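Input: a single structure, listed below in structure tokens.
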Amino acid sequence: EALDKVAGVLSRDGVTRILEAGVGTGRIAVPLQERGLQIVGVDLAREMLTRARGKGVRDLILADANRLPLREREFDAALMAHVIHLLEDPVETFESLRRVATKEIVIFVRDRDGVPEADDGRAGFRDAFRKAAAELGYQVPERRGGWWDGFRKEKEFLASHPPTELVTVEDREVVTTIRERLSFFEGRSFGYQAEIPEEAARKIRDRVLETVDADKEVVFRRVEKMAIWRLSY
């Protein structure tokens, strides 16, 4: 439903051809492509592009989003999904995207107010995953400045670069378990997981399941938004 709304907003704005920076495994590109939009994905991680291609993303480029090997104004829109908090300099990347887009820049962000309750299970799960990986010789990076500082970075960017429009595409309570969340990591959806062989990933999973209450219920609110900057030249 959220992606139906995303596609509807893009179509409303006359957007058909999109560059997605940080395309990853194609979790956004694939459903948008299925809804009739033309997507070209860019990523620095070759393994992520391989997985995106395997899912059916047709046009992919191995490149740095700050140094796009593309013509000016080649796309209707440039898009990033939950990437800002990982960037060294969000403003530099934003300006790079502005160069290749004619109508708008779209950035998906999550609305996070405050830090989760200490007993909600998510922080403990991440710590257990990181520890199990380290025991097998694989370093899972911390988010720069800490997990929640990353989302504060998103908010600071939005405050300094107010979007033309902010559209809520999803606002719901999520009820899940540690076991279900672990399955997301098993899907190898993050760039750093490309360095962890599948056999090692299974061992990490088994160790995590031994150290946490895998069936503990985790409840949190997910609010997904599209920040849209209309471009004029």
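What you are looking at is a predicted structure, and each value in this text was computed from that prediction instead of being measured. Numbering of residues begins at 1 and proceeds along the displayed sequence.
Met80 and Ile105 fall within a single hydrophobic cluster, where Ile, Leu, Val, Met, Phe, Trp and Tyr side chains are chained together by heavy-atom contacts under 4.5 Å.
Ala132 and Val208 make their closest contact through CB-CG2, 4.1 Å (heavy atoms, listed as atom of the first residue, atom of the second, distance). Leu158 approaches Ala227 most closely through the heavy-atom pair CD2-CB, 4.0 Å. Minimum heavy-atom separation, Arg58 to Gln33: NH2-CG, 3.3 Å. Residues Gly26 and Val57 approach most closely at CA-CG2, 4.2 Å, considering heavy atoms. Nearest approach of Glu154 to Val109, heavy atoms of both residues: OE1-CB, 3.6 Å.
Put simply, the side chain of Leu231 does not reach to within 4.5 Å of the side chain of Lys103, judged on heavy atoms. Using a 4.5 Å cut-off on side-chain heavy atoms (C-beta onward), Thr25 and Lys55 make contact. Residues His161 and Val91 meet the side-chain proximity criterion, which asks for heavy atoms closer than 4.5 Å. Taking the side chain as every heavy atom from C-beta outward, Arg110 and Arg222 approach each other to under 4.5 Å. No side-chain heavy atom of Val23 sits less than 4.5 Å from a side-chain heavy atom of Val42.
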Give every donor-acceptor pair under 3.5 Å between a side-chain atom in residues 59-70 and any protein atom, sequence neighbours left out.
unit_1, atom_1, unit_2, atom_2, d
Asp64, OD1, Asn66, N, 2.8
Asp64, OD2, Arg67, NH1, 2.6
Asn66, OD1, Thr93, N, 3.4
Asn66, OD1, Thr93, OG1, 2.6

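No side-chain donor-acceptor contact under 3.5 Å links Ser96 to the backbone of Glu92. Side-chain atoms of Thr102 come within 3.5 Å of backbone atoms of Phe75 as a donor-acceptor pair (strictly under, hydrogens ignored).
Looking at residues two or more places apart in sequence or on another chain, you find no side chain to side chain contact (heavy atoms under 4.5 Å, CB included) involving Ser11. The side chain to side chain contact (heavy atoms under 4.5 Å, CB included) test applied to Glu210 returns no partner, not counting sequence neighbours. With sequence neighbours left out, the side chain to side chain donor-acceptor pair (under 3.5 Å) criterion links Asp215 to Arg179. In terms of the side chain to side chain donor-acceptor pair (under 3.5 Å) criterion, residue partners of Thr176 (sequence neighbours excluded) are, by chain and number, Glu180. With sequence neighbours left out, the side chain to side chain donor-acceptor pair (under 3.5 Å) criterion links Asp213 to no other residue. In this structure Lys203 satisfies the side chain to side chain contact (heavy atoms under 4.5 Å, CB included) test together with Leu136, Glu199, sequence neighbours excluded. Under the side chain to side chain donor-acceptor pair (under 3.5 Å) criterion, Glu170 pairs with Arg172, not counting sequence neighbours.
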Test side-chain contact (heavy atoms from CB on, under 4.5 Å) applied to Phe157 and Ile107, step by step: CA-CA 11 Å; Phe157 177 80; Ile107 296 178; 4.2 Å; yes

Stepwise salt bridge (charged side-chain N to carboxylate O under 4.0 Å, His left out) test for Glu156 and Lys153: CA-CA 5 Å; Glu156 289 170 0; Lys153 189 175 187 179; over 6 Å; no

Val219 and Glu173: CA distance, side-chain angles, deciding distance, side-chain contact (heavy atoms from CB on, under 4.5 Å) verdict: CA-CA 7 Å; Val219 182; Glu173 182 179 81; 3.6 Å; yes

Arg27/His82 under side-chain contact (heavy atoms from CB on, under 4.5 Å): CA gap, chis, key distance, verdict: CA-CA 12 Å; Arg27 66 189 182 90; His82 309 129; 3.2 Å; yes

Arg221/Asp171 under side-chain contact (heavy atoms from CB on, under 4.5 Å): CA gap, chis, key distance, verdict: CA-CA 7 Å; Arg221 183 179 172 215; Asp171 185 348; 2.9 Å; yes

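Applying the side-chain hydrogen bond (donor to acceptor under 3.5 Å, both in side chains) definition to pairs two or more places apart or across chains, those involving residues 13-23 are Asp13-Arg230, Thr16-Asp76. Screening residues 30-42 for salt bridge (charged side-chain N to carboxylate O under 4.0 Å, His left out) gives Asp4-Arg35 as the qualifying pairs, with residues at least two apart or on separate chains.
No more than 12 heavy atoms of other residues, nucleotides or ligands lie within 6.0 Å of CZ in Arg46, so this atom counts as exposed by the packing criterion. Within 6.0 Å of the CZ atom in Arg12, the count of heavy atoms belonging to other residues, nucleotides or ligands exceeds 12.
When hydrophobic side chains of Ile, Leu, Val, Met, Phe, Trp and Tyr are connected at separations under 4.5 Å, Met226 ends up clustered with Leu3, Val6, Val9, Leu10, Val15, Ile18, Ile28, Leu32, Leu37, Ile39, Leu79, Val106, Phe108, Val167, Val169, Ile228. Within the hydrophobic cluster formed by Ile, Leu, Val, Met, Phe, Trp and Tyr side chains joined at under 4.5 Å, directly or through other members, Leu166 stands alone, with no partner residue.
If you take CZ on Arg98 and CZ on Arg73, they are separated by 11.0 Å, rounding to the nearest 0.5 Å.
Checking Lys216 against Thr177 by side-chain atom types alone, no donor-acceptor pair falls below 3.5 Å.
Classification of the Phe94-Trp229 ring pair by plane angle, with boundaries at 30° and 60°, yields perpendicular.
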